[in-house]
Amino acid sequence: MPTLFDLTKPIVVAPMAGGPSTPELVIAAAQAGALGFLPGGYRSVADLMDQIAETRSSAGLFGVNLFVPEDDPGDLDAVRAYRDELRPLAEQLGAPDLPDPTPDDDAFESKVEALLDDPVPFVSFTFGCPDPALVRRLRDRGTTVLATVTCVDDAGRAEAADVDALIVQGPEAGGHRATFACASEPGMTSLGQLVTEIKLASELPLVAAGGLGSSVMVTSALRIADAVQVGTAFLLADEAGTSAAHRAALVDPAFTETAVTRAFSGRPARGLRNRFMDEYGSTAPPAYPGVNQVTTPIRRAAAAAGDLQHVHLWAGTAWQEARPGPATEIVDRLLG
Ligand SMILES: Cc1cc2nc3c(=O)[nH]c(=O)nc-3n(C[C@H](O)[C@H](O)[C@H](O)COP(=O)(O)O)c2cc1C
């Protein structure tokens, strides 16, 4: 089975669902001696398998990331009330009618079966603890399994499920927090402190993630972790599929801070602070993927119109360090 210690460079290019992560980005990571992940979230099994085939033809080591579905979809009536609150904005933006929220597991089981039939070197999980039997099945197929954790308790649960390594995600991270339960409020212990605490409690290799945008930050994280996982610093990479609106926002000096909100998806996620977060952050219910479903038409309409105030602009606290260029150069810059 491959391990993180097989990497020439201890950098994981984070899976970034919704467009930024492409096979080209994952291949570029492999060519740089780092490790890239294809996001399995928000896409069909067929699309994921096509991307795996494309990536495998040029990358030796790579991984696939899956969202662990939660049994509890949250309060769907509260999501419907939120949808009613959003309707005037949807009309103003010319967005299609907002859908009724429905439970959806993102085809998790089918994706798992596909990865057991056609194994990849690494699989990482977010939004929950993979079942121990599933971890065993993946490992039996030669796949190295990682779980993303945001607190010491979740690290203990993932270790008990017999994963091979932990991705420790701090509150500085761009995109969704990986909390195991949607409704729980993610901790605010800084990444450095969190890695230190988990290291005292676990023997597993640790990958530090969140707010690592420069070689100074990466070098400091590598003193306590075995590797780092970096997302935001690659959003402007030539090979990334980041939308034009997202790219524009990341270099727009009008954005001066990031914030964590449930307004877009129902799960806490960090992005550039904009009007949508300010107006709806306090009323969005903790229900995933229902909130994600009802806000999708608004976010699509806003992105198409170049309206940066009503679209999610995921970014970690170090977003101002992100620079355009080939991913191989970004890997080298991060390592100093
Ligand atoms: C645009 C974007 C999309 C993301 N999508 C995923 C995802 O699909 N799966 C996942 O495990 N993490 C996802 N993350 C979180 C990353 O894995 C990682 O924790 C984070 O990028 C690290 O913080 P940084 O962005 O400050 O480097 C995403 C992050 C961003 C910025």
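Computed from a predicted model, the values in this text were never measured in an experiment. Every number for a ligand or one of its atoms is a count from 1 in the order of the listing. Side chains included, hydrogens not; waters and symmetry mates left out as well; all remaining heavy atoms used.
Atom numbering of ligand 1 starts at 1 in the shown order; those under 4.0 Å from a heavy atom of Thr232 are 24 (P), 25 (O), 26 (O), 27 (O), 31 (C). Atoms of ligand 1 lying under 4.0 Å from at least one heavy atom of Ala14, given by number and element, are 16 (C), 17 (O).
From the protein, the heavy atom lying nearest to atom 10 (C) of ligand 1 is Asn65 OD1, 3.5 Å. For atom 15 (C) of ligand 1, the closest non-hydrogen atom of the protein is Gly174 O, 3.5 Å. Closest to atom 19 (O) of ligand 1 among all protein heavy atoms lies Gln169 NE2, 3.1 Å.
Taking the side-chain contact (heavy atoms from CB on, under 4.5 Å) definition, one finds that Ser58 meets it with Ile27, sequence neighbours left out.
Asp140 has no carboxylate O lying under 4.0 Å from a charged side-chain N of Arg137, or vice versa, which leaves the two without a salt bridge.
Within 6.0 Å of CD in Glu257 there are more than 12 heavy atoms belonging to other residues, nucleotides or ligands.
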- Task: Starting from the C-alpha separation in whole Å, work towards a yes-or-no answer on salt bridge (charged side-chain N to carboxylate O under 4.0 Å, His left out) for Arg177 and Glu185.
- Result: CA-CA 10 Å; Arg177 297 304 306 282; Glu185 286 306 319; over 6 Å; no
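Here Trp319 has no heavy atoms under 4.0 Å from ligand 1, in either its backbone or its side chain.
Evaluated by nearest non-hydrogen atom to atom 14 (N) of ligand 1, the leading choice among Gly175, Gly18, Pro15 is Pro15.
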Return all side-chain donor-acceptor pairs below 3.5 angstrom for residues 65-73, not counting sequence neighbours, or 'none' if the list is empty.
from	atom 1	to	atom 2	distance (Å)
Asn65	ND2	Ser124	O	3.3
Asn65	ND2	Ser124	OG	2.9
Glu70	OE1	Cys182	N	3.1
Glu70	OE2	Cys182	N	3.1
Asp72	OD1	Gly74	N	2.8

